[in-house]
Structures are given as structure tokens and as C-alpha cells.
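Here the structure comes first, spelled out in C-alpha cells, and everything after it is commentary.
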There are 2 protein chains.
Amino acid sequence: MVTLSDVAKQANVSKMTVSRVINHPEQVTPELRDLVEAAMAALNYHPNVAAKALANNRTNVIKVVILEDIDTTEPYYMSLIFGIAKGLDKRGYALQLVTDRHRMNGGNRADGFIVTGERASDIPLLEMLNEPFVIFGENRYGFDFVDSDNKAGTTLATEYALAKNYQSIVFLGIDVKESFEYSREAGYINTLQQHQKIPQIHRLSNHSRVSQAFICDRWEKFAPDTCFICASDRLALGVERGIIQKGGRIPEDFGVIGFDGVFLDQVANPQLTTVKQPVEQLGELLARMLLQKLAQSGAQQGEVLVTPELIKRGSTRE
Amino acid sequence: MVTLSDVAKQANVSKMTVSRVINHPEQVTPELRDLVEAAMAALNYHPNVAAKALANNRTNVIKVVILEDIDTTEPYYMSLIFGIAKGLDKRGYALQLVTDRHRMNGGNRADGFIVTGERASDIPLLEMLNEPFVIFGENRYGFDFVDSDNKAGTTLATEYALAKNYQSIVFLGIDVKESFEYSREAGYINTLQQHQKIPQIHRLSNHSRVSQAFICDRWEKFAPDTCFICASDRLALGVERGIIQKGGRIPEDFGVIGFDGVFLDQVANPQLTTVKQPVEQLGELLARMLLQKLAQSGAQQGEVLVTPELIKRGSTRE
DNA sequence: TTGTATGCGTTATCAG
DNA sequence: CTGATAACGCATACAA
């Protein structure tokens, strides 16, 4: 293993000069700097993370905590974790997935946390954390977070449905009292009001079978020329099935727009027009935000909202 | 931060005694051991991973490399990574997801690798690795691996189809020359032959649209009373759609059995009877195997096959 | 069986 | 601006 000392010898300087070239390059003269950099390249030197960690009293490990009680196969999280991993990897950090909320703080030490799926009851837990953390997802507790711009997403969707001349535009939301849901509803409501139309919102639990049954049960209430804006692809998938089961035509008579754009939208038949969240990018941003927060010794980072993209497919009119 | 020295003081022994209680408890008298353990508990001591890593010249980081060029939303990998993370976490290791195959070996150091999706062209890469590694998935290169027992899986499926009295039993495989595919076909073939039936195998690329089209195009060739055994849930999903599109009845006239049991099987309508791979468990086993390999300084570990489970649902007869 | 001295690779501190 | 030294927390080798 090539160490600082090896590089120092090669460049005929002390270890400290090499260390400075790495951590405080401005404190060393350009000539020496070049010399050292050449030596590092020649020897293919890579700093020993463990030694760094010990000297700095840091670990170079970030814990990722999913507090929500999810089915671990939820594909959404796959992309998120990939994005986080990518962001951390680039900067020399490893991620540790916490699989037991009680071990969030115990066990190995970490430099910081990325948390998602927290509920009101988790807030005390979070406030007891000794290390900085950032949150994935809007929240009303003032925690730093990254999320997609939910309101902008449903605004895009609603405007698209209007542009495609669907006469009636119905919103199917998720029956949770979460910030993201309110934002999605707000985008829909505002847009409809701007067009002098009356919002019509139904809230269902987030399962395709529920939305399918909902459509079938109330089939007579939905005249042709209706577009359903759904708060998730899961709901949208069920809506498609309900419409098809009842003999409705997609997209001529009924439009369906989903939200998420992760996996399910492509599995659906016809494939869903959907508001695609840039989940992997959100993961990278989370990593970047947390690492910056660490660099600034825990300073507040505020919020980052990324505008999602509307993917146009066969579940809405050409 | 509580250190070895703190515990030592508390217990009135030397640091080394504490260290021994942790790493070689048999070398210390029971009385002292109890004393030290009490002190550790009282102070809520947790070893500093970085210091351990430095002293042992290890990193406590395992890199997970997905060489296959996947859509990162593939839910399969979500469960796998969760399982690995869980297994590593328990034993004090962090995982680092490698997102760029070229940085597999460069960048930060790791104690070992868990690799999946390797192709023939990747073998040289793997053989150049300095640290021990284990593979997820059957392979013919003699590498240590963990996988589900693919042959046992299709055997279960085929026997179930026979027990449900489907007259014709057709296998839809994936058109790749991979070990897992051969094993799945073998389970089907052997079982049919034991029952004096003639195997009928078709190989398709692994997309639901392809299998859907396949069923529709050759609809006349499939008499009622046929059960399709598919090498993936993806294929099975398309088969269901094709059958429904053609007006066939599931499960009365046509049975469909999938393989994987991750997410898609539940999204399908009707939900799929499927061979469920214990993916998360496989991940844990991978972690355990690799860590054991490290403990045994790289000794060969052989293979571990886990028998999958047949989940019975609405796509086959009661 | 237990304790002492030393080193792992890096960085902060302070002296030159 | 550069270099010597000590320290981070733990484990190995050796001594008692």
C-alpha cells in the first residue's frame, strides 16, 4: 500500500507537505505542489480512508434510514439509494443502510444521516441525533430537505389534460395527511381555478385494486371525455384497469395521468403518461447537501426542489 | 466518545484486557471478563470502527458491484441490496455501491466485493481483484456464489401445474445463455419427462410486451387447458395480458406461473402464481458468506442454493 | 493470564 | 511556507 510517506520520499519533502497538498493546497508553493502531485500520480497514491477517519474523528460513513414501514420491494427506493450511493461514492463516502430504526443511532458511528419516511412520532428520535441529517421529502418541521416540486408536477399534468381538451378533469389523491399530497392537490386545484373549472377530488388508499374498484363502482358518474389525474402511478394503473374493465376507451374517451414515473408507469398497459420524479438525481442531491452540511459544520441548508418532467405516453390523447 | 481506555479505567484493568474480551474472550479469566463486560455496558461502549480498521489494515467496507447494465429501478435489486445491507450492518460493515465498473477497484479501498451480473468479458476484471469476492447467481467459472435453486423452482412449478390437471404444459424461457436459464429449463424438462410428457420450450426476450405479442400471434396453437410456466414474472405478466386480450379464461382454461416473486407478481391481474425467490435472504447469505471468507483469509466457500417457494394465487386453478 | 510498548496512516499544532 | 512531533483508538508482539 502506498502511503503519505512513500509519496513524501519520492518528492523529497515531508509527509506534512504532501498532506497539505491534499487538504490545503493554497498553503504550499506551486513548485512543491507540482512536485508532490507528480509523485502521487507516479505512485498511484490513494489516501487511506480509515487513517483519515481516525485522525479527523470522522467515519466517512453516512447512514441512510428509511423510517417508513415499506415493502422493501418498492422500486422507488431503489433509484433513490442508487442516487445517494453515487453521490457519496464520488466523494469518498460509503453508505450504510439502517435496517432497524432502533439501531439508527446505536451501533457503528456515522458522520451524518439521510432520513426518509419520518412521521410525527419520529421527530423526537431525529432531534436526539448527534450528527447532522437531511431529509428526503417535504416536511413541516423545518428540517433541511430535497424533494421534487410536487405542486409543479400536478400543475404540468393538469395543464396537459386541459390542452388535450378533456372536458372533465378529476383528481385521485392518496388518503394520507402528508405534505406531498397537499402539494399535489394544490397544483391541480390552482390550475383548474385559473381556468374557471371546479376541482373534483377523491382520496383513496394507495393501491391499484382500490382505485380499480373505485372506478368500477362509480362508473356511471364519469362521463366520457374525462381525464383522471392521479397522485401515484399505482392509482393510475388501477384506474386504467377499471376503465378497460368497463369497456371505456383510453385515451379517446378517458385520459389517465400518473405520478412518480418509476417502473409501474412502464408496466401499465397502455403505458402511462406520468409526472416523472427525477428520483436518482434527488438521491445525488441529498448526498451533496448532507456532505456540504458537514463541511459547514452542520449549518442549515434549507430546501431543494427539483421540477419533475411530464412523460407523454399512450394513456392520454395524442 | 467512549474509548477502550475509558472502559479499562472503569474496570480497573489495562486496555489490552478490554481488547481481549472483545476479540479473544477465551484468553481472559471469567471474573475479569464479567467485570469488563459490565464496564462496557455501563459506559455504553462502541468500538471505533476507523481505529479498528487502521490497526487491522482493513476498512470494514464491502463494495457491491452490479455489472449488469440494468435499469436501476429493477425492484429485484432493491431487495437484494437490502438483504446485503442487513447482513453487513449486523456485523459492523458498511456497503458501498459501485456505480461505475471502472472504479470497482480504484478509489477507496474495500475488504471485499459482492458481484452480480458478470459476463464472460468481466472475468479478467474479477480475477484481477486483490480482495476476496463472492458472486450473486449461478456461474460456471467456479466462483463462490449464492443463488436460489432455479431447477428446484421450476420443478415445483411444473409439478403444481400437473397436479392442477392442465393437459398441456408449455415453458416460456428467456433467450439468454445464462446458467440460471438452463437450470430453470432443466427443472421443467425433467419433471415433464418423469410424467411421460413432451417438453415444449420457447425462448423470448424478457419483456412483457414480447410475451404478450407471442401469445396473441400464436393464439390458435394453444388449446384451452394449457398452463404456461414462465422463466420470469415479466414474461408471465405479458402472457396473462395476451390471454385476456384473446378472450381466454384464467385460470379455468389457461394457467400462468411466473418466476421471481418480486413486485410484478402482485401488480399482475390476476395476481400471479409464482416461484418466489427469497431475494432478501439471498442478500444476507451473500454478506455472511463473504465475511466468513474474509475471516478465513479468502478460503473457497463453494455454493449456497436456497430452495424457492411456490406462491399460489389466482393465475392457476384452485 | 495480564500488561507494556509500539505501530497502523493521517492531520493538527507548534516551532523553525 | 515547511517540518518535527504528538495524537486519534485499537491490536499485535513481546515481556512479566
Side-chain angles (χ1 to χ4, degrees), chain A residues 1-37 39-40 43-61 91-93 107-111 131 294-295 297, chain B residues 1-37 39-40 43-61 91-94 107-111 294-295 297:
Chain A
M1 159 177 272
V2 184
T3 73
L4 263 192
S5 308
D6 299 325
V7 177
K9 258 178 233 155
Q10 173 88 4
N12 259 317
V13 297
S14 77
K15 294 196 296 183
M16 270 320 296
T17 303
V18 181
S19 175
R20 283 199 186 93
V21 169
I22 296 171
N23 300 301
H24 311 284
E26 73 285 356
Q27 299 181 5
V28 66
T29 53
E31 300 82 55
L32 272 189
R33 197 161 48 206
D34 292 346
L35 211 62
V36 170
E37 273 163 358
M40 293 199 296
L43 297 175
N44 189 27
Y45 167 74
H46 288 287
N48 179 318
V49 183
K52 255 187 146 90
L54 182 58
N56 292 325
N57 191 27
R58 295 188 297 92
T59 64
N60 273 52
V61 169
R91 298 166 179 80
Y93 280 75
N108 295 333
R109 191 154 252 83
D111 294 340
E131 285 80 22
L294 294 182
S297 41
Chain B
M1 158 177 275
V2 184
T3 73
L4 264 192
S5 308
D6 299 324
V7 178
K9 258 177 232 156
Q10 173 90 4
N12 258 317
V13 295
S14 77
K15 294 197 296 183
M16 268 321 296
T17 304
V18 181
S19 175
R20 283 200 186 92
V21 169
I22 295 172
N23 301 301
H24 311 283
E26 73 284 358
Q27 299 180 6
V28 66
T29 53
E31 300 82 54
L32 271 189
R33 195 160 49 207
D34 292 346
L35 210 63
V36 170
E37 273 163 358
M40 293 199 296
L43 297 175
N44 188 27
Y45 167 73
H46 289 287
N48 179 317
V49 184
K52 255 186 147 90
L54 182 58
N56 293 324
N57 191 28
R58 295 190 296 91
T59 63
N60 273 55
V61 170
R91 298 167 179 79
Y93 280 74
N108 295 334
R109 192 155 251 83
D111 294 340
L294 294 181
S297 41

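Excluded from the calculations below are hydrogen atoms, water molecules and symmetry mates; all remaining heavy atoms, backbone and side chain alike, are included. Just so it is clear: chains get the letters A, B, ... in the order the sequence lines come, proteins before strands, and each one is counted from 1.
- Toward the 5′ end of DNA chain C lies the nearest nucleotide of B/Asn12, the other residue of the pair B/Asn12 and A/Thr3 mapping further downstream.
- Whole-Å rounding puts the B/Asp34 CG to C/dT1 P distance at 16 Å.
- Along DNA chain C, the nucleotide closest to B/Val13 and the one closest to A/Lys52 are compared, and the more 5′ of them pairs with B/Val13.
- A straight line from CG of A/Leu54 to P of C/dA12 spans 13 Å, rounded to a whole angstrom.
- If you check C/dG3, C/dT11, C/dG7 against the side chain of A/Asn56, the one that comes closest is C/dT11.
- In terms of modelled atom types and a separation under 3.5 Å, the side chain of B/Asp34 and the main chain of B/Glu31 share no donor-acceptor contact.
- Atom CE in A/Met1 sits roughly 10 Å away from atom C1' in C/dC8 (whole-Å rounding).
- The closest donor-acceptor contact from the side chain of A/Arg58 to the backbone of A/Asp111 lies at 3.5 Å or more, if one exists at all.
- As judged by a 4.0 angstrom heavy-atom cut-off over every strand, B/Asn57 is placed among residues making no nucleic acid contact.
- Taking both residues in full, the closest heavy atoms of A/Lys15 and A/Leu4 are given as O-CD1, 4.2 Å, listed atom of the first, atom of the second, then distance.
- Residue A/Asn12 holds its CG atom at 10.0 Å from CG of A/Leu32, rounded to the nearest 0.5 Å.
- Between B/Thr29 and the phosphate of C/dT2, there is a side-chain N or O to OP1/OP2 separation shorter than 4.0 Å.
- At a non-hydrogen distance threshold of 4.0 Å, B/Met16, B/Thr17, B/Arg20, B/Gln27 from residues 15-27 of chain B come into contact with DNA chain C.
- We find the CG-CG distance between B/Asn44 and B/Asp6 to be 12.0 Å, quoted to the nearest 0.5 Å.
- Rounded to the nearest 0.5 Å, atoms CZ (A/Arg20) and CE (A/Met16) are 4.0 Å apart.
- Taking all atoms of both residues into account, the shortest heavy-atom contact from B/Asn48 to B/Ala50 is OD1-N, 2.8 Å.
- By the 4.5 Å heavy-atom criterion applied to side chains, A/Ile22 and A/Ser19 are not counted as neighbours.
- Here the shortest heavy-atom pairing between A/Ala53 and A/Thr59 reads CB-CA, 4.0 Å.
- Chain B approaches DNA chain D over the interval D/dG9 to D/dA13, counting the first and last nucleotide 5' to 3' with an atom under 4.0 Å from its heavy atoms.
- Going from atom CG of A/Leu43 over to atom P of C/dG9 covers 14 Å, rounded to whole Å.
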